[in-house]
> 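The following block contains the structure, expressed as structure tokens.
Quick note on labels: first sequence line is chain A, next is B, and so on, each numbered from 1.
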Amino acid sequence: VSSPKRLEPIITLTTDFGTESPYTAAMKGVIFGVNPDARLIDLTHQIGPQNLRHAAFFLAGAIPYFPMQTVHVIVVDPGVGTERPLLYVNVAGHRLLVPDNGCWTELARRIGVAPEVIILKERRFWRESVSSTFHGKDILSPVAGHLSLGIDPHELGPAANRWEDLILPSVLVTESRIQGEVLFVDHFGNMITNITRENLERLGEKISVRVGKTEICRQVRTYGEAEPGAVVTLISSFGLLEIAERNGNVSKRLNAEIGTPVVVTSK
Amino acid sequence: VSSPKRLEPIITLTTDFGTESPYTAAMKGVIFGVNPDARLIDLTHQIGPQNLRHAAFFLAGAIPYFPMQTVHVIVVDPGVGTERPLLYVNVAGHRLLVPDNGCWTELARRIGVAPEVIILKERRFWRESVSSTFHGKDILSPVAGHLSLGIDPHELGPAANRWEDLILPSVLVTESRIQGEVLFVDHFGNMITNITRENLERLGEKISVRVGKTEICRQVRTYGEAEPGAVVTLISSFGLLEIAERNGNVSKRLNAEIGTPVVVTSK
Amino acid sequence: VSSPKRLEPIITLTTDFGTESPYTAAMKGVIFGVNPDARLIDLTHQIGPQNLRHAAFFLAGAIPYFPMQTVHVIVVDPGVGTERPLLYVNVAGHRLLVPDNGCWTELARRIGVAPEVIILKERRFWRESVSSTFHGKDILSPVAGHLSLGIDPHELGPAANRWEDLILPSVLVTESRIQGEVLFVDHFGNMITNITRENLERLGEKISVRVGKTEICRQVRTYGEAEPGAVVTLISSFGLLEIAERNGNVSKRLNAEIGTPVVVTSK
């Protein structure tokens, strides 16, 4: 606010709504209704329907790059209309508005700072009429607009000290073997696993990665080292073991998907 | 303009162009060419190709939430290049730029205020060279830029007193039976019908909903009341009868789509 | 900067990332981290995976409409992690940040002005830690942020005098026959070929267009002249021969795709 050109904080949107339905557009309208100068940015509307693990992976991979004070609205909400609360979460300055379903806790773990969590209770920041099926529009959107205008988050409701926790599947580590699984398949078909760089370092230089009946022995630092069509493993930009085919779709080729087991052994 | 921070009105874009083609991007470029400070927001580029009913449903579901003075550019235009006019429409302060094909009239009916309609005629607000196939870029986009800069809409052309009207399919109501149809299938597979809350109230508390050979007797207030996998009916956030499967795709399950008949009887 | 309301230049994003992965969102976060007041606009994230021809067609069709000084970030990068440089390109005031893979050279040819090309070398404008697989996030995004803040592009690195050139397939022209091919299939299934208006003018008024075994003799000025279901040819808004079916998908109907030969003869 000290600089004359400083604009208000960005509001980002992450949903599983797709864009063919008017839901996301309605949320944008509500936000502008509260703050006509809001600065809206789409992160994605292609989270898999009600897919909390997809949302968790997405948020952990994207939110840390945003500047503090950005307001992130997340609407992946399989429990809409139940008693599950809606939350304001502050993790090291990243501010999220999100249903209490755990899709943000992996992000908090990676950042490694205790979150501040508030339950949205104060109806004066909501739309006057709240539907039972679309809290993203009727509660999260207007609250985001008010936050972007500078209200104190503590006005939104009481502090929470319990919330849903979503724990991504963990790896099984023995001395010479790591068993993990595919956590995410990206647009290119590259498969990101839950096996970390640190997990791999225990196995030494020479490793073999098995997916179904396919054994992959070629490790590269980057896609460009592989010849087109080669299946390789590398450490992704997330710091996780990734299985990729240069300029090809390895997920289709190996008939593998989210949850497919991945076994790494030392050679 | 009185407040130093007040920015110009938002321009929204709604098209059936998808995003893999350069059409939408070209429109954005043209708008910024007219108003470099324009504030552009995508509503959707996933209206079904030339699907005026989809556009009508989308606009009626999204536009009412936006603040007055927003400029909404709509390019779903099966008649591009014919003599069909292009219109500026003002419905209760919502400003639309749209081909004269009726995709906005359902919105006007729901808002219930007589629209002001102007035919775009003044070529000085258009691109200098107007293609015969892409009026969205050559006419609607520059006009949107000029509107966002504050020109008087009456400069755009003469008033219109006739326009195309698109009427969504209506329901057939008798004392104990309502016959409607599926109006829209959302990203989750939820089916929104054209049967209103008011229609249903005539039938009393106990109703049965039939889609093809499937009878649905479970009415809920919100998805969360149903167990996963249950097919239920509820009143959607649009105030319309909706058929849903909690955390599932009921449209695929019942093999139903836009236009599929839906019959409600009292029990 | 002379006007108090003049905002900073727009930054556009064109990628092949889709939006289900966190990659694009992470790039947006990085840009806002460098310039919290950045004005981001999505052009597309639906370029075909690693499809440089698609990117070339898209950029040539969209970028010319943008005002000068816009910063266009393009991440279609089959060679990520190899020694291929990353470039700053200025073509007649359009500023691009792009891997050196030629996807921008068709745009430069159409504009017809010699480009200024700089190799990104100055690591002080990059993220501190640069991954080997995601230069879009670690190099192009922060550089875009800095450019939008007004740094002199010459600070980014040394001038380049050689770069990859991508040449779209050319047409074969004889006195009474032109052989070209499908360059792009849009969201509607319309097929845009590489045959120009100038190519066609050599053949005279009466022409016949052949795609596989289908002969198309109906030439129109605009889709609206054709009856629904008719297959016609016209000159697209790009100035190229286009094959279209009014309110239908001609690409599916003729089983044709990018690369399918198109032969025009005079009748």
> Can you tell me how far apart CD (E242(A)) and OG1 (T133(C)) are? Round to the nearest 0.5 Å.
6.5 Å
> Counting only heavy atoms from other residues, nucleotides and ligands, does the tally under 6.0 Å from CD of E128(C) exceed 12?
no
> Can you tell me how far the NE2 atom of H187(A) sits from the OG1 atom of T15(C), to the nearest 0.5 Å?
7.5 Å
> Rounded at 0.5 Å granularity, tell me how far CD1 in I31(C) sits from OH in Y65(A).
13.5 Å
> Calculate, to the nearest 0.5 Å, the distance between atoms CZ and OG belonging to F134(C) and S236(A) respectively.
10.5 Å
> Given that the side chain runs from C-beta out, which part of T24(C) has a heavy atom under 4.5 Å from chain A: side chain, backbone, both or neither?
neither
> Using non-hydrogen atoms only, which part of F32(C) is less than 4.5 Å away from chain A: side chain, backbone, both, or neither?
both
> Heavy atoms only: give me the nearest P67(A)-G29(C) pair and the separation to one decimal.
CD-O, 3.8 Å
> Should the pair F17(C) and F188(A) be assigned to parallel (<30°), tilted (30 to 60°) or perpendicular (>60°) ring geometry?
perpendicular
> Side chain, backbone, both or neither: which part of I63(A) has a non-hydrogen atom closer than 4.5 Å to chain C?
neither
> For the candidates R84(C), K28(C), Q50(C), which exhibits the highest count of non-hydrogen atom pairs separated by less than 4.5 Å from chain A?
Q50(C)
> Looking at CG of L40(A) and CG of L40(C), how far apart are the two atoms once the value is rounded to the nearest 0.5 Å?
12.5 Å
> For S21(C), is it the side chain, the backbone, both or neither that has a heavy atom under 4.5 Å from a heavy atom of chain A?
both
> Let me know if L234(A) has heavy atoms under 4.5 Å from chain C in its side chain, its backbone, both or neither.
side chain
> I need the D16(A) CG to E20(C) CD distance, nearest 0.5 Å.
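One finds 13.5 Å between CG of D16(A) and CD of E20(C).
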> Among P78(C), S141(C), S129(C), which has the most heavy-atom pairs under 4.5 Å with chain A?
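Of the candidates given, the most pairs with chain A belong to P78(C).
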> Among R39(A), R246(A), Q46(A), which residue has the highest count of heavy-atom pairs closer than 4.5 Å to chain C?
R39(A)
> Show the nearest heavy-atom pair for residues T19(C) and F58(A), with the distance to one decimal.
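So the minimum-distance heavy-atom pair works out to O-CE1, 3.7 Å.
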> So, for F238(A) and P22(C), which heavy atoms are closest and what is the spacing to 0.1 Å?
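Taking every non-hydrogen atom into account, CZ-CG, 3.6 Å.
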